Novice: 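Sharing a structure below in structure tokens format, with a few things to ask.
Scope of the values below: all heavy atoms of this structure, side chains included, with no hydrogens, waters or symmetry mates. Bear in mind the structure is a predicted one, so any value in this text is a computation, not a measurement.
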Amino acid sequence: MEYKVTVATGTSEYSGTNNYIYVTLVGERGESERTVLDNPGLDFCRGAVDDYTVKSAADLGPLILVRLEKQKYWVEDNWFCRYVKVSVPGERCSYTFPCYRWLVGDKVVVELREGTAKKISDDTLPLEISHRTAELLERQKIYRWLAWASGIPKCIDAKSEADLPQDVRFDNEKRSDFVGSLHYALLELSLKKLAIKFGKSWNDLDDFKRIFWKLRSPIAEYTMKHWKEDCFFGYQFLNGSNPRMITRCKELPSNFLVTGDMVQSSLIPTTTLKEELKKGNIFLVDHAIMDGIPANVIRDQVQHIAAPLCLLYEHPEKGLIPIAIQLEQKPDKDTPVFLPSDPPLAWLLAKMWVRHSEFQVFQLLSHLLRTHLVVEVICVATLRQLPAVHPIYKVRGSLQEVLFRKDTFACLKRLHVNEAVHIIIKLLYYQTYFFKHSFSTLSFVSGIVSLYYKSDREVEQDSEIQAWINEVAVEGFVDLKTKEELITLLSVVIFTSTAQHAATNNGQFDWCAWVPNTPCTMRHPPPTDKDAVTMDLIMDTLPDISQSCVQMAITWHLGRAQPDAIPMGQYVEQYFTEPAALKVIDKFRKELKELEEHIIAQNEGLELQYLYLCPSRMENSITI
């Protein structure tokens with residue numbers, strides 16, 4: 001018999017190869033001839049889809065897997081294979097074998113399972129079961145855990161990108177763009193530092209405008225114009241880069257020395273602080289997590305940090321505004337509570353200190369830890385415990401990050417909704433779009449999981465899923481035994497690594513480029529005397545010229561749109577081949593398109609637009 005074999009080579013740079021490629025078809029009734037794939041002219045060029053003929057002495061029966069082999073021809077040349085398709089003589093249907101892997105080295109062999117997703121209980125043939133086992137054993141040798149530091153999630157055992165397997169490295173284009181854009185930002189940084197006196201403080205706040213050259217955005221420019229306004233200060237807690245810090249305040253913390261009399265002038269005349277607390281119109285941003293953290297040292301100069309408490313009020317006319325700020329968690333009788341009625345520079349500097357703490361929390365916790373560092377827990381566990389044919393492995397393009405802790409499983413069931421801010425506030429775009437994304441993601445995951453798991457018992461008896469969640473459990477999660485728990489987990493993981501990462505990462509240049517709005521470091525300690533705050537003190541406290549340029553360049557480099565970005569719901573690597581699963585994916589894409597249209601329409605005409613959660617601007621996973 002003659003089988004038609006179609007082989008697709010990757011589209012990224014250096015995906016093609018000039019090495020020998022062999023293929024063997026393996027079916028329930030035997031194997032085909034080991035066949036070298038060689039057509040006239042060049043084979044396996046970048047982006048090529050080539051057809052070949054493979055012969056077999058007899059009918060192989062239903063195909064189980066395809067065996068690919070690569071052998072060196074003169075020089076070693078790696079190859080990225082996207083997929084293999086096999087057409088059977090006399091049959092209309094064809095078999096698809098997803099690959100999306102690099103074949104690295106001489107005489108390397110890769111065996112690909114047919115694309116139908118299968119749990120371990122669905123495999124009955126000894127060859128199918130042995131292939132699953134061998135694949136996982138090989139992956140567990142390649143992807144190893146490393147405890148990098150106490151108290152943070154484990155990561156993959158690699159000292160640099162060069163130590164990573166080829167399959168999980170940046171593509172060459174991605175790496176070139178990443179390095180090139182960084183060089184571009186640093187070049188502008190160098191030019192700015194030459195144009196402005198290096199290592200010195202600014203003379204006044206307007207001097208910061210001198211670093212707004214090519215790196216700019218509409219929101220960054222809006223921030224530059226409005227950053228002193230209390231209403232804009234409050235707006236950033238709702239829609240800025242860290243919109244999950246704010247909580248509704250029912251009772252003032254015992255360590256917050258604010259009183260009703262202090263803030264009465266900030267409230268409408270017919271009410272009191274006590275009444276507004278009862279109504280739910282008072283909110284708190286508490287940076288207690290910053291308390292006791294040792295300060296950094298930059299060029300032999302000690303920097304300073306604070307752990308402020310900020311009280312905010314939902315004013316019926318002005319919106320969410322700050323009404324009191326305390327810069328210490330352990331106050332004494334001399335600790336000041338800063339108020340809008342204080343000298344303007346004192347109140348301005350107090351707000352800067354709050355924004356400085358916001359920078360630390362959002363960059364290190366909300367962004368770095370809760371999206372970038374913890375992502376490896378899921379990714380590495382998936383690679384180590386789920387074979388490529390497993391249905392949950394096939395959604396791994398979006399299977400990324402969530403913070404796993406035993407005391408947060410109830411939060412997972414609520415899709416990480418911050419109940420303290422589950423209220424109606426004007427201009428609360430982040431939460432509005434948050435819910436819409438959550439429900440779309442939940443519907444998508446429920447549809448996929450329900451195709452392969454009909455009951456809780458099937459989840460509990462899936463030994464591979466249990467090994468997967470057990471490996472994650474070592475990092476601080478709980479058992480997973482029901483279908484609902486699996487759907488919830490996957491939904492939160494996908495949401496957090498797409499929408500939540502976009503909300504945190506994509507706007508960091510917008511909110512941080514104007515350095516006084518969100519200073520990365522502070523060079524003088526928090527003020528203790530309101531009347532002693534001068535413009536000279538503010539300028540000596542804020543980042544110097546060099547630090548300001550670095551902040552602007554790095555936040556642009558990290559927050560910019562990636563040229564190779566794949567929008568949410570668009571799966572370049574097509575692991576699912578079953579019509580039912582593809583139908584669920586199509587439904588998900590339609591819902592995302594509708595959400596995109598809703599967000600665009602709602603923001604039309606607004607001077608300050610919130611577009612970070614447009615599906616077209618969100619990547620399918622964390623890729624930077």
Novice: Check whether the ring centres of Tyr433 and Tyr612 lie less than 6.0 Å apart, and answer yes or no.
Specialist: no
Novice: Have Gln329 and Asn255 got a donor and an acceptor in their side chains that come within less than 3.5 Å?
Specialist: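 Side-chain D/A pair, Gln329 to Asn255: present.
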Novice: Looking at Gln303 and Ala295, would you say the former's side chain and the latter's main chain have a donor-acceptor pair under 3.5 Å?
Specialist: no
Novice: Would you kindly say whether Thr335 and Lys330 are connected by a side-chain donor-acceptor distance under 3.5 Å?
Specialist: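 There is no such pair (donor and acceptor under 3.5 Å, judged by atom type) between the side chains of Thr335 and Lys330.
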Novice: More than 12 heavy atoms of other residues, nucleotides or ligands under 6.0 Å from NZ of Lys279: yes or no?
Specialist: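 Counting neighbours around NZ of Lys279, more than 12 heavy atoms of other residues, nucleotides or ligands fall under 6.0 Å, so yes.
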Novice: Suppose we screen for side-chain hydrogen bond (donor to acceptor under 3.5 Å, both in side chains). Which residues come up paired with Asp342, at least two apart in sequence or across chains?
Specialist: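 Partners of Asp342 under the side-chain hydrogen bond (donor to acceptor under 3.5 Å, both in side chains) test: Lys530.
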Novice: Under a 4.5 Å cut-off applied to non-hydrogen side-chain atoms, are Ile494 and Phe444 in contact?
Specialist: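 A side-chain contact under 4.5 Å exists here.
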Novice: Heavy atoms, side chains only, cut-off 4.5 Å: are Pro343 and Val533 in contact?
Specialist: no
Novice: Should the heavy atoms of other residues, nucleotides or ligands under 6.0 Å from CD of Glu251 be counted, would the total exceed 12?
Specialist: no
Novice: Strictly by modelled atom types, are Asn242 and Trp511 linked by a side-chain donor-acceptor pair under 3.5 Å?
Specialist: no
Novice: For the atom pair SG (Cys310) and CG (Leu284), what is the distance rounded to the nearest 0.5 Å?
Specialist: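 The SG atom of Cys310 sits 8.0 Å away from the CG atom of Leu284.
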Novice: Using the test salt bridge (Lys or Arg N to Asp or Glu O under 4.0 Å), find all partners of Lys250 that sit at least two apart in sequence or belong to another chain.
Specialist: none
Novice: Cut-off 3.5 Å, side chains only: do Trp145 and Glu471 have a donor facing an acceptor?
Specialist: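 Trp145 vs Glu471: donor-acceptor pair found between side chains.
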Novice: Return yes if some donor-acceptor pair links the side-chain N/O of Thr441 with the main-chain N/O of Ser438 below 3.5 Å, else return no.
Specialist: no
Novice: Considering residues at least two apart in sequence or located in another chain, which fulfil the ring pair (Phe, Tyr, Trp, His ring centres under 6.0 Å) criterion with Phe237?
Specialist: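 Per chain and number, Phe237 pairs via ring pair (Phe, Tyr, Trp, His ring centres under 6.0 Å) with Phe233.
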Novice: Would you say the side chains of Asn517 and Thr223 form a donor-acceptor pair under 3.5 Å?
Specialist: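 On atom types as modelled, these side chains do not qualify, holding no pair under 3.5 Å.
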Novice: Please report the interatomic distance OG1(Thr272) to NZ(Lys278), rounded to the nearest 0.5 Å.
Specialist: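 With rounding to 0.5 Å, OG1 (Thr272) is 8.0 Å from NZ (Lys278).
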Novice: Holding to side chain to side chain contact (heavy atoms under 4.5 Å, CB included), I want the full list of residues that pass it with Glu460, two or more places apart in sequence or in another chain.
Specialist: Lys481
Novice: Please name all residues satisfying ring pair (Phe, Tyr, Trp, His ring centres under 6.0 Å) with His524, sequence neighbours left out, ordered by chain then number.
Specialist: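 Partners of His524 under the ring pair (Phe, Tyr, Trp, His ring centres under 6.0 Å) test: none.
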Novice: Rounded to the nearest 0.5 Å, what separates atom CG in Asp230 from atom CD1 in Ile323?
Specialist: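 Taking CG in Asp230 and CD1 in Ile323, the distance rounds to 11.0 Å.
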Novice: Within the distance-only criterion (no hydrogens, no angle test), does the side chain of Gln326 pair as donor or acceptor with the backbone N or O of Glu328 below 3.5 angstrom?
Specialist: yes
Novice: For Leu611 and Ile600, which heavy atoms make the closest approach, and how far apart are they?
Specialist: CD2-CD1, 4.2 Å
Novice: I'd like to check the side chain to side chain contact (heavy atoms under 4.5 Å, CB included) partners of Lys436; sequence neighbours left out, ordered by chain and number.
Specialist: Thr432, Leu595, His598
Novice: Quick check for you: to the nearest 0.5 Å, what is the distance between Tyr429 atom OH and Tyr610 atom OH?
Specialist: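 Answer rounded to 0.5 Å: 11.5 Å.
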Novice: With distance as the sole criterion, is a donor-acceptor pair present between the side chains of Arg355 and Thr518 under 3.5 Å?
Specialist: yes
Novice: Specify the closest pair of heavy atoms between Gly569 and Phe588, including all atoms of both residues, with the distance to one decimal.
Specialist: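 Nearest pair, atom of Gly569 first, then Phe588: CA-CE2, 4.3 Å.
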Novice: Any non-hydrogen side-chain atom of Ile293 less than 4.5 Å from a side-chain atom of Ile305?
Specialist: yes
Novice: Using side-chain heavy atoms (C-beta onward) and a distance below 4.5 Å, is Phe283 in contact with Glu314?
Specialist: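 The answer is yes; the side chains approach within 4.5 Å.
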Novice: Quick one, Pro331 and Leu257 - any side-chain contact, counting heavy atoms below 4.5 Å?
Specialist: yes
Novice: Which side-chain N or O atoms in residues 262-271 pair as donor and acceptor under 3.5 Å with protein atoms at least two apart or in another chain?
Specialist:
{"from": "Gln264", "atom 1": "NE2", "to": "Thr271", "atom 2": "O", "distance (Å)": "2.9"}
{"from": "Thr271", "atom 1": "OG1", "to": "Glu275", "atom 2": "OE1", "distance (Å)": "3.2"}
{"from": "Thr271", "atom 1": "OG1", "to": "Glu276", "atom 2": "OE2", "distance (Å)": "2.6"}

Novice: Is it the case that over 12 heavy atoms from other parts of the model lie below 6.0 angstrom from the CD1 atom of Ile289?
Specialist: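 Incorrect, the count does not exceed 12.
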Novice: Is the shortest heavy-atom distance from the side chain of Tyr430 to the side chain of Leu613 under 4.5 Å?
Specialist: yes
Novice: Taking side chain to side chain contact (heavy atoms under 4.5 Å, CB included) as the definition, give me every residue that meets it alongside Asp206, ordered by chain and number, with sequence neighbours left out.
Specialist: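 If we apply the side chain to side chain contact (heavy atoms under 4.5 Å, CB included) test to Asp206, skipping adjacent residues, the hits are Asp204, Lys209.
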Novice: Please answer whether the main-chain N or O of Val584 pairs with a side-chain N or O of Arg589 as donor and acceptor at a distance below 3.5 Å.
Specialist: no
Novice: Would you say Ser357's side chain and His287's backbone share a donor-acceptor pair under 3.5 angstrom?
Specialist: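 It does not hold such a pair.
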Novice: I'd like to know if the side chain of Asp207 reaches the main chain of Asn203, judged simply by a donor and an acceptor atom lying under 3.5 Å from each other, with no hydrogens or angles considered.
Specialist: yes
Novice: Which heavy atom of Ala288 sits nearest a heavy atom of Asp286, and at what distance?
Specialist: N-OD1, 3.0 Å
Novice: Taking all non-hydrogen atoms of both residues into account, name the closest pair between Val258 and Ala324 and its distance.
Specialist: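 Heavy atoms only, the tightest pair is CG2-CB, 3.7 Å.
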Novice: Under a 3.5 Å cutoff, is there a donor and acceptor pairing between the side chains of Thr382 and Trp468?
Specialist: yes
Novice: Under the side-chain hydrogen bond (donor to acceptor under 3.5 Å, both in side chains) rule, collect the residues that match up with Thr528, sequence neighbours excluded.
Specialist: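 Expected list: none.
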Novice: Find the distance between CZ (Arg370) and CG (Leu364) and round it off to the nearest 0.5 Å.
Specialist: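 Interatomic distance, Arg370 CZ to Leu364 CG, rounded to 0.5 Å: 11.0 Å.
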Novice: Partners of Asp536 by side-chain hydrogen bond (donor to acceptor under 3.5 Å, both in side chains), sequence neighbours excluded?
Specialist: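 Testing Asp536 for side-chain hydrogen bond (donor to acceptor under 3.5 Å, both in side chains), a comparison that skips the adjacent residues, returns none.
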Novice: If only side-chain N and O atoms count, and only distance matters, is there a donor-acceptor pair under 3.5 Å linking Thr521 with Gln547?
Specialist: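 No pair is found: no donor N or O on one side chain lies under 3.5 Å from an acceptor on the other.
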Novice: Within the side chain of Ser443, is there an N or O that forms a donor-acceptor pair under 3.5 Å with the backbone of Phe439?
Specialist: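 Side chain of Ser443 to backbone of Phe439: no pair is present.
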Novice: For a quick check under 3.5 Å, do Ser616 and Glu596 share a side-chain donor-acceptor pair by atom type?
Specialist: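 There is such a pair between these side chains.
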Novice: Is it true that Glu358 and Gln236 share a donor-acceptor pair across their side chains at a distance under 3.5 Å?
Specialist: no
Novice: Please answer whether the main-chain N or O of Gly559 pairs with a side-chain N or O of Asn505 as donor and acceptor at a distance below 3.5 Å.
Specialist: no
Novice: Donor-acceptor pair, distance only, cut-off 3.5 Å: does the side chain of Asn506 make one with the backbone of Arg617?
Specialist: yes
Novice: Once side chain to side chain contact (heavy atoms under 4.5 Å, CB included) is applied, do any residues pair with Thr504, and if so which ones, sequence neighbours excluded?
Specialist: Phe362, Ser366, His367, Gln500
Novice: List the steps, then state whether salt bridge (Lys or Arg N to Asp or Glu O under 4.0 Å) holds for Glu221 with Lys225.
Specialist: CA-CA 7 Å; Glu221 294 191 29; Lys225 297 174 183 177; 5.3 Å; no
Novice: Can you tell me which residue among Trp514, Trp227, Tyr222 is in a ring pair (Phe, Tyr, Trp, His ring centres under 6.0 Å) with Phe232?
Specialist: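 With Phe232 as partner, ring pair (Phe, Tyr, Trp, His ring centres under 6.0 Å) holds for just one option, Tyr222.
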Novice: Going from CG on Leu348 to NZ on Lys351, what distance comes out if it is rounded to the nearest 0.5 angstrom?
Specialist: 6.0 Å
Novice: Could I get the full list of ring pair (Phe, Tyr, Trp, His ring centres under 6.0 Å) partners for His356, not counting sequence neighbours?
Specialist: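 Checked His356 against ring pair (Phe, Tyr, Trp, His ring centres under 6.0 Å); matches are Trp353.
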Novice: Will you find, in the side chains of Ser450 and Lys483, an N or O donor that is under 3.5 Å from an N or O acceptor?
Specialist: yes
Novice: Compare every heavy atom of Pro543 with every heavy atom of Arg523, then report the nearest pair and how far apart it is.
Specialist: NE-C, 4.0 Å
